[in-house]
Amino acid sequence: MPMTIQPQLYSLIGTNSQLLLAVSDNADIVYYGNRLPCATHSDLQQMAIGLERPIPFGRLDTDIAVSINPQLGRGNFGASALEGFRENGSDWAPVFTITAVKQDGNKLIIDCLDQRAQLGWQTQIELDQNDVLQLSQTVTNLGTSDYHVIRCANTAPIADNASEILSFYGRWIKEFQQHRSQLSHGGYIQENRRGRTSHEHYPAVIVGEHGFSDDHGQVWGAHLAWSGNHRMRIDVKADGRRVLQAEALYLPGEITLQPQQSLTTPTLYMSYSHHGLNTMSQHFHQHVRTSILKDRLHKPRPIHLNTWEGIYFDHDPNYITAMATEAAAMGVERFIVDDGWFLGRNDDTSSLGDWFVDPKKYPAGLSPIIDHVHQLGMEFGLWFEPEMINKDADLYRQHPEWLLAVDGYDQPTGRHQYVLDLQNPAAFAYLFERLDHFLSQYEIDYIKWDMNREIVQPAHNNRAAGCGQVERYYALVDKLLAKHPKVEIESCAAGGGRIDYEILKRTHRFWCSDNNDPLERQAIQRGMSYFYPPEVMGTHIGSHCSHTTRRTHTMNFRGNTALFGHMGLELDPVKADKQEKTAFSQYIQLHKKYRHLLHSGDNYRLSFNDSAALQGNMVVSKSQSDALVSINQLAMPTYCLSGRLHIPGLRADQYYAITIVDEPDNLHSMVNRQPPWLTSQQHFSGEWLQTVGLTLPIMDPESSLLLALQIQ
Ligand code: GLA
């Protein structure tokens with residue numbers, strides 16, 4: 001009979017969740033779920049005996065823990081956490097022994113060593129009071145020869161009852177689309193090789209018990225904070241155990257550790273909730289607010305006007321000045337000059353890299369516009385796409401060798417452009433100098449930092465360098481912010497192609513999508529809301545006729561959709577007629593009135609019986625005294641009655657007054673009668689609103705109803 005050594009149990013306790021790690025010769029997550037408030041640590045330690053597994057015939061004769069560092073050399077037949085080798089082919093199946101476990105409150109550091117392979121391994125794991133877990137690994141080459149790393153992953157065993165997956169797919173102008181699938185034999189894998197976070201493979205996955213939903217079920221959400229290639233997998237082992245792995249995906253030969261060199265994985269963020277996805281999202285939102293953004297969004301999010309869809313490349317300073325005047329009159333607080341302002345940039349075929357003001361378009365430079373914008377009381381923002389270069393640009397003519405490419409190949413272009421090798425010190429220094437010049441020379445408050453193509457052959461000195469490129473990009477942003485700490489940055493990559501927690505550590509908001517069609521935006525913003533609070537979602541009201549779908553929508557639907565984010569306008573205010581301008585001002589005022597609530601409260605996605613046709617969002621203040629509820633009819637109602645609205649998150653014993661803040665123009669003329677509570681100023685208790693509910697009105701497709709609730 002194999003001997004059993006009772007493992008040492010370590011416990012990390014969040015506000016509502018708890019993680020138990022059993023440490024013997026390896027460290028294994030044996031429980032990650034609801035907090036266990038009744039048991040003392042020594043009780044838990046004793047009861048852990050109840051977790052010992054049987055050892056079936058037909059397998060290895062010892063029990064193999066899945067562990068947070070699965071190793072083939074220990075008999076883990078799933079994907080190892082580390083795959084690598086030395087020049088002579090040795091040390092490819094390391095077996096680590098734990099040398100030290102240090103616990104500091106809710107943070108655990110586990111040191112491991114393979115003396116024979118001369119490799120060190122450290123796991124950092126922390127569970128915070130927002131119930132967000134952070135996990136990362138560091139491998140160190142302690143030997144005297146180089147160690148080539150093929151894979152280095154974060155591993156988190158997850159509960160056996162996780163049987164369904166919510167993952168995200170997408171593309172340009174259709175980001176964050178949701179996909180539900182079953183988790184059974186084999187498992188799930190997502191690989192992103194596009195060189196940026198990508199529209200296609202958002203680096204996150206949510207698993208849960210059968211039938212989990214926004215307000216029901218055990219769920220575990222996982223997000224890998226990394227802006228490059230990644231792999232996320234969930235293996236369902238032959239014995240039924242489930243293992244999640246999340247890692248940066250390395251291209252062949254990309255990572256070599258010289259003696260004494262270390263590599264740390266991107267951080268895997270996880271959160272557990274036993275009340276479904278809304279609670280999970282609230283954990284992530286709160287973590288973003290307190291730990292990622294910290295105090296960087298200290299002032300109310302200013303209302304934007306971005307010039308792109310208004311004028312595209314057609315820049316005339318007098319006209320832009322007039323746009324700024326109109327924008328300010330409507331209540332806009334930040335005016336951003338998008339693509340088209342720099343040397344020779346008249347369309348998207350040329351000039352990227354030539355970061356000099358185009359003297360033909362701007363004979364007096366940018367100062368007159370910037371001064372005008374500031375005089376109007378607005379902030380000024382400017383668009384850059386620093387990592388990119390066109391072949392038709394002076395920079396390319398001077399430095400063709402700065403391309404991120406493998407010599408001797410013609411790689412396909414994306415939007416006619418190529419990528420600069422940021423690991424080339426001269427290219428890096430040039431970009432820093434140019435950006436620093438603009439931020440030093442002009443009063444620029446905000447940068448829209450774009451990245452409009454995928455990366456095909458990321459190479460530095462012909463060696464694969466996808467990760468190095470991402471790291472130098474972070475370094476460039478960091479260096480710039482160190483010198484210009486007040487500047488705010490938006491992360492944009494052809495819309496939502498670079499949205500993740502690692503870039504959010506150094507930026508202030510995301511451009512969610514180039515699609516401003518509110519119907520599409522409802523789905524995009526809903527998908528994004530699983531991990532991001534509204535204040536970092538750039539949500540703009542576009543033109544009456546959407547530039548990406550050619551669909552038209554009412555102001556009511558456009559305005560209400562843009563309201564639940566960091567709002568702005570994406571249009572030409574000079575061309576807007578008087579009625580439109582009045583409407584824009586109204587929604588701007590509405591956003592100003594509610595932005596504090598929107599950007600600090602708890603968010604809920606509301607679901608209805610007719611979920612394909614009807615969706616809702618709401619935000620409740622932390623004190624539960626105020627709430628804003630948005631009900632969005634997306635498609636033709638399936639039934640002639642729409643059922644009931646249930647409002648969560650309120651104080652059961654308190655009464656709330658409901659005000660209709662915005663409604664479709666035809667709300668009362670399209671039916672014989674709408675529910676009388678819409679017009680009669682009743683008060684309802686929080687208990688009633690949550691449990692019994694209110695009858696929903698009947699609405700036309702693509703229209704919104706906005707309700708404000710206030711405690712009495
Ligand atoms: C990308 C961005 C747009 C706009 C254009 C400019 O597509 O997502 O918002 O800035 O580039 O070229």
Side-chain angles (χ1 to χ4, degrees), residues 170-176 194-200 202 227 304-315 320 323 334-355 358 361 380-390 392-393 413-419 435 438 444 446-455 473 488-500 503 507-518 520-521 524-525 528 536-543 546-549 562 565-572:
R171 65 170 174 92
W172 177 65
I173 63 174
K174 206 166 173 65
E175 295 84 343
F176 286 104
R194 291 171 184 267
R196 59 184 177 190
T197 319
S198 90
H199 304 72
E200 288 76 6
Y202 176 64
S227 314
H304 282 197
L305 186 135
N306 188 59
T307 60
W308 179 239
E309 288 196 0
I311 54 170
Y312 291 105
F313 295 103
D314 191 8
H315 285 215
I320 292 177
M323 287 172 83
R334 183 183 275 159
F335 185 84
I336 300 109
V337 173
D338 206 288
D339 195 357
W341 57 268
F342 51 99
L343 208 57
R345 180 75 166 172
N346 299 318
D347 56 35
D348 64 8
T349 63
S350 78
S351 307
L352 290 172
D354 294 347
W355 302 110
D358 190 334
K361 290 184 185 172
F380 178 80
L382 194 61
W383 181 94
F384 287 91
E385 197 180 356
E387 298 140 87
M388 296 294 157
I389 181 164
N390 288 115
D392 182 5
T413 51
R415 211 192 186 198
H416 314 286
Q417 65 202 50
Y418 294 85
V419 188
L435 289 159
F438 277 94
I444 294 174
Y446 177 86
I447 288 181
K448 178 174 177 180
W449 188 306
D450 213 335
M451 199 266 199
N452 277 311
R453 67 154 293 174
E454 294 152 330
I455 301 181
Y473 155 64
E488 287 197 15
I489 299 182
E490 175 176 64
S491 173
C492 171
R498 193 151 62 186
I499 296 178
D500 59 77
I503 191 55
T507 53
H508 301 75
R509 80 164 200 165
F510 297 113
W511 185 223
C512 315
S513 179
D514 278 347
N515 200 335
N516 294 310
D517 174 325
E520 297 300 326
R521 272 296 185 128
I524 293 166
Q525 291 167 205
M528 191 169 163
V536 299
M537 291 189 200
T539 52
H540 291 183
I541 301 178
S543 305
S546 159
H547 289 206
T548 45
T549 64
H566 174 185
M567 192 170 134
L569 304 177
E570 185 82 23
L571 41 81
D572 179 355

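Remember, it's 1-based here, ligands and their atoms both numbered in the order they're listed.
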query = Nearest protein heavy-atom contact for atom 3 (C) of ligand 1: which residue, which atom, what distance?
reply = Asp514 OD1, 3.4 Å
Proximal ligand 1 atoms for Gly495, defined as those under 4.0 Å from one of its heavy atoms = 8 (O)
query = Where on Glu385 is there a heavy atom closer than 4.0 Å to ligand 1, on the side chain, on the backbone, on both, or on neither?
reply = neither
query = Got the closest protein heavy atom to atom 12 (O) of ligand 1, with its distance?
reply = Asp339 OD2, 2.6 Å
message = Side chains of Asn515 and Ser546, heavy atoms from C-beta outward: is any pair under 4.5 Å?
response = yes
ask   = Does any non-hydrogen side-chain atom of Trp341 lie less than 4.5 Å from one of Ile320?
value = no
task = Please tell me if the side chains of Phe176 and Gln525 come closer than 4.5 Å, counting only heavy atoms from C-beta onward.
result = no
request  = List every atom of ligand 1 that sits less than 4.0 Å from any heavy atom of Cys492, numbering the atoms from 1 in the order shown and giving each element.
outcome  = 2 (C), 8 (O)
key: NZ/NE/NH1/NH2 to OD/OE distance under 4.0 Å, Arg345 and Asp358   = no
task = Check whether any side-chain heavy atom of His416 sits under 4.5 Å from a side-chain heavy atom of Asn390, and report yes or no.
result = yes
request  = Could you tell me the residue and atom name of the protein heavy atom closest to atom 1 (C) of ligand 1, and the distance to it rounded to 0.1 Å?
outcome  = Asp450 OD2, 2.9 Å
key: Asn452 neighbourhood, listing ligand 1 atoms whose heavy-atom distance to it stays under 4.0 Å   = 1 (C), 7 (O), 11 (O)
message = Strictly distance-based, threshold 3.5 Å: is any side-chain N or O of Asp348 a donor or acceptor partner for the main-chain N or O of Arg415?
response = no
request  = Would you mind telling me if ligand 1 is within reach of the side chain of Asn306, the backbone, both or neither, using heavy atoms under 4.0 Å?
outcome  = neither
ask   = Would you call the rings of Trp355 and Phe342 parallel, tilted or perpendicular if under 30° counts as parallel and over 60° as perpendicular?
value = tilted
ask   = Considering only the protein, which heavy-atom contact is closest to atom 5 (C) of ligand 1, and what is its distance?
value = Trp308 CE2, 3.5 Å
ask   = Counting only heavy atoms, which portion of His540 has something under 4.0 Å from ligand 1: side chain, backbone, both, or neither?
value = neither
inquiry  = Taking the six-membered ring for Trp, are His304 and Tyr446 closer than 6.0 Å centroid to centroid?
reply    = yes
task = Describe, in one word, how the ring planes of His540 and Trp511 are oriented to each other, choosing from parallel (under 30°), tilted (30 to 60°) and perpendicular (over 60°).
result = tilted
query = Near Lys448, which atoms of ligand 1 are under 4.0 Å from a heavy atom of that residue?
reply = 3 (C), 4 (C), 9 (O), 10 (O)
ask   = Does ligand 1 have an atom that lies less than 4.0 angstrom from a heavy atom of Glu309?
value = no
request  = Give the atoms of ligand 1, by number and element, whose distance to some non-hydrogen atom of Trp511 is under 4.0 Å.
outcome  = 8 (O), 9 (O)
remark   = For atom 10 (O) of ligand 1, the closest protein heavy atom turns out to be Asp338 OD1, 2.7 Å
